[in-house]
Amino acid sequence: MAQARVRLPPAGPTPATAFFSGSNPRPAHLPFSSKRAPASLSAAAAANAPPAPIVVVGSANADIYVEVDRLPLAGETVAARAGRSLAGGKGANQAACGGRLALGPTYLVARVGDDANGRLLEGALADAGGVRTDRVARAPDAPSGHAVVMLMPDGQNSIIIVGGANMEGWAAGIGSEDLELIQKAGVLLLQREIPDWVNTQAAQAAKSAGVTVIMDAGGMDAPVPRELLSLVDIFSPNETELARLTGMPTETFEQISQAAGECHKMGVKEVLVKLGSQGSALFVEGEKPIRQPIIPATEVIDTTGAGDTFTSAFAVALVEGKPKEECMRFAAAAASLCVQVKGAIPSMPDRKSVMKLLDSAQVE
């Protein structure tokens, strides 16, 4: 791994306290710029312009995997069948997926600790292929974030997150160079494993430049600030997160539709809901929902990175100018391949594999 890929956080002009106090700078209601993704890959080639970059602002975690037959009861100790440490975190997962699938560059803006886990994360991201990691900075006063992933035999999991540098490493805010990068992106991807005020700063920069903002709801178990939601173009929860954030049931498709409608009332025009084995659904305000069934996996081994893979793959297709139906199908194929491999970043599929699966599914 080249040492040049890692730099200390730049001294930004906007401290964290400014955002917590409510005095954070917020752009006026600026109109979206006229820049658009090419209508097709052939159009992009004709214009001799590669797709705009995907920029991910988010978390990077060292995932401690333990394979268990069941979760322990209160006060109980159970033995794991196996255990190991792998790179993960929702931001790193989405960047790794984008790096493998996108035709243009994918950048990760993140914070890691100056410790062994930080070096593990830097190395894994550099090895993932396609991810620009020169925007990953070391936070000298905070340990790297990590997570404990309890993996059951059916591939389902329970996860406990320790924020570390993901939460504590942004004292100077997002640096000016990174904000400029965000404003040149085709899509900005956010999640909730970093502070909301950092997400807000990134989303404000994107919004002022007409960049589409996609926010994965995974992460903090807390309401999303209305200010942040107002800056999000596509909000992407799973059905559990949708229920928690709206306070509404999501056991049936009708209930999911009503909960998505509640998100519309909060200011989000598009809600992309991940429904596990039931596929996915995109709710655009004022339009009929778009439903996408799963593309069945040969074997489900680990679902840890499936949601991140889906969201990132959707963003990749969106940057390339594909219709939303095609974006969802592309994302479904990527998620199907993801669940067949153990580990988050190691399970991210490459573009060739996704296109091959789509071709075979089309034939069937």
Side-chain angles (χ1 to χ4, degrees), residues 1-12 15-17 55-67 80 82-97 99 106-151 157-175 177-178 189-199 201-202 218-220 302 304-305 308 342-348:
M1 178 187 65
Q3 291 297 318
R5 288 181 176 272
V6 181
R7 57 180 174 79
L8 290 177
T17 51
V55 177
V56 182
V57 178
S59 59
N61 287 328
D63 288 345
I64 304 169
Y65 270 78
V66 289
E67 299 180 26
R84 56 177 173 165
S85 294
L86 295 170
K90 296 189 74 64
N93 293 347
Q94 291 179 4
C97 183
T106 298
Y107 292 84
L108 174 63
V109 179
R111 301 290 183 265
V112 299
D114 188 10
D115 52 22
N117 280 338
R119 291 183 284 277
L120 165 72
L121 290 164
E122 293 161 5
L125 286 166
D127 294 340
V131 184
R132 294 287 299 272
T133 59
D134 51 304
R135 308 297 177 128
V136 176
R138 291 183 182 177
D141 299 324
S144 295
H146 60 279
V148 178
V149 182
M150 292 166 282
L151 183 63
N157 60 70
S158 295
I159 304 174
I160 301 171
I161 297 174
V162 180
N166 295 315
M167 299 300 294
E168 302 168 22
W170 301 90
I174 302 175
E177 291 182 8
D178 293 335
L189 273 172
L190 303 173
Q191 328 81 39
R192 301 195 69 213
E193 291 181 349
I194 62 174
D196 282 329
W197 67 265
V198 178
N199 278 328
Q201 187 184 15
M220 281 185 278
D302 183 4
T304 303
D308 295 326
K342 192 174 295 182
I345 288 179
S347 69
M348 302 301 169

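Predicted, not measured: the structure shown is a model, and the values here were computed from it. Hydrogens, waters and symmetry mates play no part in the numbers below; they use all other heavy atoms, side chains included.
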Value rounded to 0.5 Å, distance of CG in Leu121 from CZ in Arg138
11.0 Å

For residues Leu108 and Arg135, report the shortest heavy-atom separation together with the two atoms involved.
O-CB, 3.3 Å

Grab the two heavy atoms, one from Met220 and one from Ile194, that are nearest each other, plus how far apart they are.
CE-O, 3.3 Å

If we only count heavy atoms from C-beta on, is the Asp302 to Ser347 side-chain gap below 4.5 Å?
no

Indicate the atoms forming the closest heavy-atom contact of Met167 with Pro195, along with that distance.
O-CG, 3.5 Å

Measure the shortest side-chain to side-chain distance between Glu168 and Asp141 over non-hydrogen atoms and say whether it is less than 4.5 angstrom.
no

Step by step, would you call Arg132 with Tyr107 a side-chain hydrogen bond (donor to acceptor under 3.5 Å, both in side chains)?
CA-CA 5 Å; Arg132 294 287 299 272; Tyr107 292 84; 3.1 Å; yes

State, to 0.1 Å, how close Ala60 and Val112 come at their nearest heavy-atom pair, and which atoms those are.
CB-CG1, 4.1 Å

Positive for side-chain contact (heavy atoms from CB on, under 4.5 Å) with Met150, one of Ile159, Val66, Asn157
Val66

So Asn61 and Val162, do their side chains get closer than 4.5 Å, heavy atoms only?
no

Can you check whether Arg119 reaches Asp114 side chain to side chain, under 4.5 Å on heavy atoms?
yes

What heavy-atom pair brings Gly113 and Ser144 nearest, and what distance separates the two atoms?
N-OG, 2.8 Å

Between OG1 of Thr133 and CD of Glu122, what distance do you get to the nearest 0.5 Å?
8.0 Å

Nearest-0.5 Å distance, CG of residue Asp63 to CG of residue Asn93:
7.0 Å

Rounded to the nearest 0.5 Å, what separation is found between the CG atom of Asn166 and the CD1 atom of Ile161?
8.5 Å

So does Asp308 pair up with Lys90, basic N to acidic O under 4.0 Å?
yes

Quick one: does Gln201's side chain have a donor or acceptor within less than 3.5 Å of a partner on Ile174's backbone?
yes

Looking only at heavy atoms, the pair that brings Ala128 and Ile345 closest together is CB-CG2, 4.2 Å

